[in-house]
**Q** 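The structure's right below; bear with me while I get my questions together.
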Amino acid sequence: MNGSTAGMRHNFRGADPDAYEAAQDGWRREAVVALRQAVKDGGGSDERIKWGHIVLFAAGPVCLIRAEDERVLFGLWRGKRLRDLTPALKASGKYELANMTFGEGDPVDVGAMSRLVRAAIDLNLELGDPTARL
């Protein structure tokens, strides 16, 4: 999407990840609920609304959950380093960002996602904020 908001369901303006989740419907809500569970299971506790979607922070941004019209995007700031854990991660954007998408009917493997989150948190703790300028 090259930074565009095309295809986004809405630009959420609330401050609460629970409200973001509640604002979703149907399969999008199911995917957001499952991905948030994976974040919690992976050790994430600092969820915030940033840039209009849910972002987990641990020594900088770790991952994002963004509901759009046709997909739910799960992005990892250090995802390019984690592609060996799942081939579904596709490199994109700035930094070391990689993401995967979930459409209607796509299952979310909470265990696999929580392992990705844990690995991403560990990388941030080891290497620091992935958005910091060197």
Side-chain angles (χ1 to χ4, degrees):
M1 295 200 128
N2 299 329
S4 156
T5 57
M8 303 236 355
R9 291 178 52 74
H10 53 81
N11 190 6
F12 187 77
R13 300 208 189 286
D16 182 352
D18 291 332
Y20 184 95
E21 178 182 300
Q24 308 310 317
D25 60 359
W27 65 268
R28 287 174 209 82
R29 183 175 178 158
E30 291 172 10
V32 169
V33 167
L35 290 167
R36 288 188 73 205
Q37 185 62 53
V39 165
K40 290 176 183 127
D41 291 353
S45 62
D46 185 8
E47 284 183 313
R48 306 176 205 167
I49 297 298
K50 182 108 175 143
W51 306 299
H53 47 268
I54 297 172
V55 178
L56 170 69
F57 286 84
V62 174
C63 64
L64 66 90
I65 301 169
R66 183 174 72 208
E68 301 175 355
D69 288 337
E70 300 298 324
R71 67 183 188 169
V72 173
L73 181 116
F74 181 68
L76 294 145
W77 264 263
R78 297 219 185 258
K80 289 178 183 174
R81 293 178 184 244
L82 300 171
R83 288 185 294 172
D84 60 324
L85 298 177
T86 178
L89 277 172
K90 306 295 181 211
S92 68
K94 292 168 54 173
Y95 312 108
E96 298 178 77
L97 192 66
N99 63 59
M100 50 196 321
T101 60
F102 299 90
E104 187 170 6
D106 291 343
V108 175
D109 182 338
V110 173
M113 296 301 99
S114 67
R115 288 187 292 278
L116 283 171
V117 170
R118 178 75 257 158
I121 289 171
D122 289 346
L123 282 171
N124 273 15
L125 294 175
E126 176 187 343
L127 303 171
D129 184 340
T131 64
R133 294 183 190 244
L134 300 175

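The basis for the numbers below is simple: all heavy atoms, side chains too, and nothing from hydrogens, waters or symmetry mates. Keep in mind that this is a model prediction, so the values were computed, not measured.
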**Q** Is the side chain of R28 donor-acceptor paired with the backbone N or O of D69 at a distance under 3.5 Å, no angle test?
**A**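 Present.
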**Q** Taking G111's backbone N and O only, do any of them form a donor-acceptor pair with R115's side chain (distance below 3.5 Å, no angle check)?
**A**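 Side chain of R115 to backbone of G111: a pair is present.
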**Q** Is there a path of hydrophobic side-chain contacts, each under 4.5 Å between heavy atoms, that joins L82 and M100?
**A**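 Yes.
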**Q** Would you say that N124 contacts D129 through its side chain, given a criterion of any heavy-atom pair below 4.5 Å between the two side chains?
**A** no
**Q** Indicate yes or no for a side-chain donor-acceptor contact from E21 to the backbone of P17 under 3.5 Å, with no hydrogens or angles considered.
**A** no
**Q** Are the charged groups of D18 and R36 less than 4.0 angstrom apart, N to O?
**A** yes
**Q** What is the minimum heavy-atom distance between L89 and G79, and which atoms define it?
**A** CD1-O, 3.8 Å
**Q** Check whether any side-chain heavy atom of F102 sits under 4.5 Å from a side-chain heavy atom of M113, and report yes or no.
**A** yes
**Q** Within this structure, what is the NZ-CG distance for the pair K90 and N99, rounded to the nearest 0.5 Å?
**A**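 CG of N99 is found 9.5 Å from NZ of K90.
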**Q** Can you get from V32 to W27 by hopping between Ile, Leu, Val, Met, Phe, Trp and Tyr side chains that sit under 4.5 Å apart?
**A**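 Same cluster: V32 reaches W27 through Ile, Leu, Val, Met, Phe, Trp or Tyr contacts under 4.5 Å.
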**Q** Under 4.5 Å between any side-chain heavy atoms of V72 and V108, yes or no?
**A** no
**Q** Rounded to the nearest 0.5 Å, how far does NZ of K80 lie from CD of E96?
**A** 7.5 Å
**Q** Is there a path of hydrophobic side-chain contacts, each under 4.5 Å between heavy atoms, that joins V33 and L35?
**A** no
**Q** Write down the atom of V62, the atom of V117, and the distance for their closest heavy-atom approach.
**A**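 Closest heavy-atom pair between V62 and V117: CG1-O, 4.3 Å.
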**Q** Considering all heavy atoms of both residues, which atom of R81 and which atom of D84 are nearest to each other, and what is their separation?
**A**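 It is O-OD1, 3.5 Å.
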